[in-house]
Amino acid sequence: MQVMQRILTADVHNRAGKSVTVQGWLHKKRLLGGLTFLLVRDRSGVVQVVVKDKKELEKLRGMQIGTVLELSGTAKGEPRAPGGAEIHNPKIEILVPVKEEPPIEIDKPIDHRPENQDTLFEYRAIGLRNLQESAIFKVRASITKALREFFYQNEFTEIQTPKLLAAATEGGAEVFKLDYFGQEATLAQSPQFYKQMLVGVFERVFEIAPVYRAEPSATTRHMTEYTSVDGEMGFIDISHLEEFLSGLLNFVVDYVWKHSQAELKTLSASKPALLKKIPAMSMSEIHEKYTEATGTKTIGERDLRPDEERWICEYSKEHLKSDAIFVTDWPASDMKFYHKAQTKDKNLAERIDLLFRGVEIVTGSMREHRYDELLKQLKEKAGGNPNDPGFKYFLMAMKAGMPAHGGFGMGLDRLTEKIVGLSNVKEATLFPRDINRLAP
RNA sequence: GGGCUCGUAGUGUAGUGGUCUAACACGCCUCCCUGUCACGGAGGAGAUCGCCGGUUCAAAUCCGGUCGAGCCCGCCA
């Protein structure tokens, strides 16, 4: 007996008049009496199936959404059907029966209100089957692909660096500690030192990987595990970095709006306004503008307040026609030891952050590549011991000939959140980890 | 870590001292329905109102504790 070849639901419209077999999940039943509409989902989308035969329909009695089916019927062009085609007179075979109803909506948008997010994540394994949910992650995959493509176009080498580390490195953020065969180890809060070491090898490197922060933050923009997009390149100055990041964000947005139209439409996402060259403003200028506009005095502060970040993005959108804006001229007093101070003003760091739709998505900087300066900053700024395994090998590479170099870390979750138009990073993360969630 | 807010059927909500023997919507079950697409209609099942204690003649409702969750701030991507 010849087995009918499976086709994808998206191909049904190409097979009008022919016999087809599809396999997928039951996504929705609509019983109208003499005829029933089924929606069947597979990796390519959803197709409508029309069932008139009572015997066939009876097979689905008690079968809940999620039941795995095989249907063989006749493909038909049908303008009234979603997708313009449907399957008629199917023979239905139940491959995996599901008798229990899903605890969360599959065929209608799931409420993302903050109070309900615990439910959203508790039933994540099933809720992701909702087309609005899976669309977020199709877009995220598309963003990831675009990032990779842009890096490759610019001759970066993709790397993977250790996440298990012997000691705390960067300082600042809290690190997770764990037992490593009796020795204390930490989880990487950043690939910082490794990507810098590898500039000495490949000149340009990038990594898209998880990083871990043990900060007890409970906000809409923090997680204890997130995906960091790290880039690092040699023989550049800060203007190159700015130019690269402008190009990157533009490329990603254009790519996604070209390749993920259907998902973006499902999500009612609006395309960000961007300029080829993303505008830049110094921190002190932002403080002045914000203070003048809101009456809240931030002049002299060494960072931007969250509300200030939202405000300047609104300002940028309205006056500069850009949903993204660079923040330049950060105070050197708070910079990391591996950062470089500006040569024209030692009190300012060679750092730029990129704000996008109200949140910081990128921090970038030039690194101190002069060995003696770096050693001095390590001791003075971080109080670090050069012989500590966390610094020793980094310094080894830095001593062996490092050009002027710089790079950045970008939050993939935040980028996805803002491109899609969500209001919490966790919504853009498949299985988010935060201070009180370690499962699923 | 600091501040504020919220826990009511599987899910989302209403009810804020007595009329609650807890209501509505979605989902589920039974029946009707031949073009639905958030299908429609009739009926039904499903909740010791997070938990513990207290106040009161009377508590989903007020108070205390506890557990869980969310938001803002700090910090960052």
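As a basis for the values below, the full set of heavy atoms in this structure was taken, side chains included, without hydrogen atoms, waters or symmetry mates.
Listed pair A/Arg221 / B/C73 meets the phosphate criterion, a side-chain N or O lying under 4.0 Å from OP1 or OP2. Within the 4.0 Å cut-off from OP1 or OP2 of B/A77, at least one side-chain nitrogen or oxygen of A/Thr363 is found. A sub-4.0 Å separation between OP1 or OP2 of B/G68 and a side-chain N or O of A/Asn436 is absent. Within the 4.0 Å cut-off from OP1 or OP2 of B/U36, not a single side-chain nitrogen or oxygen of A/Thr36 is found. An OP1 or OP2 oxygen of B/G12 is reached within less than 4.0 angstrom by a side-chain nitrogen or oxygen of A/Thr119.
Using a 4.0 Å heavy-atom cutoff across all strands shown, A/Asp413 reaches no nucleic acid atom at all. Residue A/Pro103 is in sugar-phosphate contact alone, with no base atom involved, counting any heavy-atom pair closer than 4.0 Å across all strands shown. A/Pro216 comes within contact range of at least one nucleobase, with a heavy-atom separation under 4.0 Å. Within the 4.0 angstrom heavy-atom criterion, no nucleotide atom of any strand lies near A/Asp334. A/Thr227 comes within 4.0 angstrom of nothing in the nucleic acid, heavy atoms only.
Put simply, CG on A/Asn130 is 13 Å from P on B/A38, counting in whole angstrom units. Residue A/His222 contributes atom NE2, which lies 13 Å from atom P of B/C71 at whole-angstrom precision. Atom CD of A/Gln189 is separated from atom P of B/C76 by 11 Å (rounded to the nearest Å). For A/Glu100 and B/U11, the CD to C1' distance is 15 Å, given to the nearest whole Å. One interatomic measurement links the two molecules: CE of A/Met223 to C1' of B/C75, which rounds to 15 Å at whole-angstrom precision. At whole-Å resolution of the value, NE2 in A/His88 and C1' in B/U34 are 12 Å apart. In this structure, A/Lys52 atom NZ and B/U36 atom C1' are separated by 13 Å, rounded to whole Å. Rounded to a whole Å, the CG atom of A/Asn424 is 9 Å from the P atom of B/G70.
Using a 4.0 Å cut-off between charged side-chain N and carboxylate O, A/Arg148 and A/Glu158 make a salt bridge. We find that A/Arg221 and A/Asp413 are not joined by a salt bridge, their nearest charged nitrogen and carboxylate oxygen being 4.0 Å or further apart. For A/Arg213 and A/Glu215, the salt-bridge test fails: no basic side-chain N is under 4.0 Å from an acidic carboxylate O.
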Stepwise salt bridge (charged side-chain N to carboxylate O under 4.0 Å, His left out) check, A/Arg305 with A/Glu309: CA-CA 6 Å; A/Arg305 298 182 183 183; A/Glu309 292 179 349; over 6 Å; no

Could you please spell out the steps behind the side chain to side chain contact (heavy atoms under 4.5 Å, CB included) verdict for A/Val20 and A/Thr74? CA-CA 6 Å; A/Val20 294; A/Thr74 310; over 6 Å; no

Applying salt bridge (charged side-chain N to carboxylate O under 4.0 Å, His left out), run through A/Glu122 and A/Arg437 and close with a yes or a no. CA-CA 9 Å; A/Glu122 181 59 26; A/Arg437 185 167 279 282; 3.7 Å; yes

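B/U19 is unpaired under the Watson-Crick or G-U wobble criterion, no partner having all donor-acceptor distances under 3.5 Å. For B/C71, the paired base is B/G3 (Watson-Crick or G-U wobble, both distances below 3.5 Å). In a base pair of the Watson-Crick type (N1 to N3 plus N6-O4 or O6-N4) or a G-U wobble (N1-O2 and O6-N3), with each distance short of 3.5 Å, B/U11 is matched with B/A25. Applying the Watson-Crick and G-U wobble criteria (two distances, each under 3.5 Å), B/U30 pairs with B/A42. Pair assignment for B/C49: none, as no Watson-Crick or G-U wobble contacts are both less than 3.5 Å. Pair assignment for B/A77 gives none, since no Watson-Crick or G-U wobble pairing has each distance under 3.5 Å.
Of the P atoms belonging to B/U61 and B/U48, the separation is 15 Å, rounded to the nearest Å. Comparing the C1' positions of B/C52 and B/C57 gives an interatomic distance of 24 Å, to the nearest angstrom. B/G7 and B/G65 are spaced 16 Å apart, taking the C1' atom of each and rounding to whole Å. Nucleotides B/G15 and B/G50 place their P atoms 15 Å apart, quoted to the nearest Å. For the P atoms, the distance from B/G18 to B/A59 is 11 Å, rounded to whole Å. The separation of B/G27 from B/A69, taken at their C1' atoms, amounts to 23 Å, rounded to a whole angstrom. Nucleotides B/C62 and B/C76 place their C1' atoms 42 Å apart, quoted to the nearest Å.
By the 30° and 60° cut-offs, the orientation of the rings of A/Phe391 relative to A/Phe193 is tilted.
Checking B/C76, B/G74, B/C37 against every side-chain atom of A/Glu309, the shortest atom distance belongs to B/C76. Here the nucleotide nearest the side chain of A/Tyr123, chosen from B/U11, B/C72, B/C75, is B/U11. Distance from the side chain of A/Gln48 is smallest for B/G35 among the nucleotides B/G74, B/G35, B/C75. Proximity note for A/Pro114 (side chain, C-beta onward) versus B/U36, B/C76, B/C71: the nearest is B/C71.
Counting only distance, with no hydrogens or angles, the side chain of A/Ser322 and the backbone of A/Leu274 share no donor-acceptor pair below 3.5 Å. For A/Glu350 (side chain) and A/Lys340 (main-chain N/O), no donor-acceptor pair under 3.5 Å exists by modelled atom type. Under a 3.5 Å cut-off, the side chain of A/Thr291 and the backbone N or O of A/Thr298 do form a donor-acceptor pair.
For the segment residues 238-248 of chain A, no residue has any heavy atom less than 4.0 angstrom from an atom of RNA chain B.
Within the structure, ring-ring contact (aromatic ring centres under 6.0 Å, His included) pairs that include any residue of residues 278-302 of chain A comprise A/Tyr290-A/Trp311 (at least two apart or interchain).
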Each nucleotide in nucleotides 27-33 of chain B should get exactly one letter: B, S or -. Can you fill that in based on protein heavy atoms under 4.0 Å? BSSSS-B

Could you list the protein-to-nucleotides 13-16 of chain B atom pairs, N/O on both sides, closer than 3.5 Å?
{"unit_1": "B/U13", "atom_1": "OP1", "unit_2": "A/Asn116", "atom_2": "OD1", "d": "3.3"}
{"unit_1": "B/U13", "atom_1": "OP1", "unit_2": "A/Asn116", "atom_2": "ND2", "d": "3.1"}
{"unit_1": "B/U13", "atom_1": "OP2", "unit_2": "A/Asn116", "atom_2": "OD1", "d": "3.3"}

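Applying the side chain to side chain contact (heavy atoms under 4.5 Å, CB included) criterion to A/Ile126, with sequence neighbours excluded, gives A/Pro102, A/Pro103, A/Ile104, A/Ile106. Take A/Lys138 and apply the salt bridge (charged side-chain N to carboxylate O under 4.0 Å, His left out) test, not counting sequence neighbours, and it matches no residue.
Between A/Tyr315 and A/Met281 there is a side-chain heavy-atom pair separated by less than 4.5 Å.
Where A/Val362 and A/Phe37 each meet RNA chain B at their nearest nucleotide, the meeting point lying more 5' is that of A/Phe37. With the nearest nucleotide of RNA chain B identified for both A/Ile435 and A/Arg310, A/Ile435 has the one nearer the 5' end.
With hydrogens and angles left out, the side chain of A/Glu86 and the base of B/G35 share a donor-acceptor pair within 3.5 Å.
Checked against the 6.0 Å centroid criterion, the rings of A/Phe156 and A/Phe244 qualify as a close aromatic pair.
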